[in-house]
Amino acid sequence: MMSARAAALVRDWGRLSPLARVAAWRRLPRAEAARVFRALPDDGRWLLYLGCDDGALAPLTGAERAGARRVGRAERAAYRRALA
């Protein structure tokens with residue numbers, strides 16, 4: 001269930017400026033931010049993606065896991081090159 005503040009952000013999303021949208025979303029606690037992110041249309045999610053650093057959105061987009069896999073592959077490749 002969304003808090004009143006998070007529900008108000010989703011409800012008022014179209015009336016806020018892009019900067020106000022991102023700023024309000026970043027002030028939410030992590031769980032509330034995730035709920036708002038999922039409740040937004042694709043263009044709202046895209047705005048948050050553009051307006052936030054990767055660390056803020058990674059848990060919501062799955063990029064955290066993908067990034068960890070890329071780092072793991074890069075480390076393994078570097079290790080194999082070092083041992084060759």
Side-chain angles (χ1 to χ4, degrees):
M1 184 169 172
M2 251 188 242
S3 71
R5 187 169 68 166
L9 178 57
V10 172
R11 182 188 66 235
D12 298 336
W13 188 260
R15 289 181 273 195
L16 298 171
S17 71
L19 183 60
R21 293 172 188 173
V22 173
W25 183 79
R26 290 186 73 155
R27 286 192 305 264
L28 292 171
R30 181 177 227 159
E32 287 297 307
R35 288 184 192 104
V36 168
F37 185 81
R38 287 187 211 102
L40 292 174
D42 289 341
D43 61 338
R45 291 179 183 185
W46 182 244
L47 174 69
L48 291 176
Y49 176 78
L50 293 174
C52 293
D53 58 35
D54 290 342
L57 288 178
L60 303 178
T61 62
E64 188 174 64
R65 291 184 301 277
R69 285 193 302 270
R70 279 194 302 276
V71 168
R73 283 194 300 266
E75 287 175 348
R76 286 191 299 276
Y79 184 70
R80 281 193 296 271
R81 284 192 305 273
L83 294 177

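- Annotation: side-chain contact (heavy atoms from CB on, under 4.5 Å) contacts of A31 (sequence neighbours excluded): R35.
- Looking at L9 and L16, their side chains come closer than 4.5 Å, going by heavy atoms from C-beta outward.
- A distance-only check finds no donor-acceptor pair linking the side chain of E32 to the backbone of M2 [under 3.5 Å].
- How far CH2 of W13 is from CG of L47: 5.0 Å, rounded to the nearest 0.5 Å.
- For the atom pair CZ of R5 and CZ of R27, the computed distance is 7.5 Å after rounding to the nearest 0.5 Å.
- A pairwise comparison of heavy atoms in W25 and F37 identifies NE1-N, 4.1 Å as the closest pair.
- Contact record, V36 with A6: CG2-CB, 3.5 Å, taken as the closest heavy-atom pair.
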Verdict with supporting geometry, R45 and L48, side chain to side chain contact (heavy atoms under 4.5 Å, CB included): CA-CA 5 Å; R45 291 179 183 185; L48 291 176; 5.8 Å; no
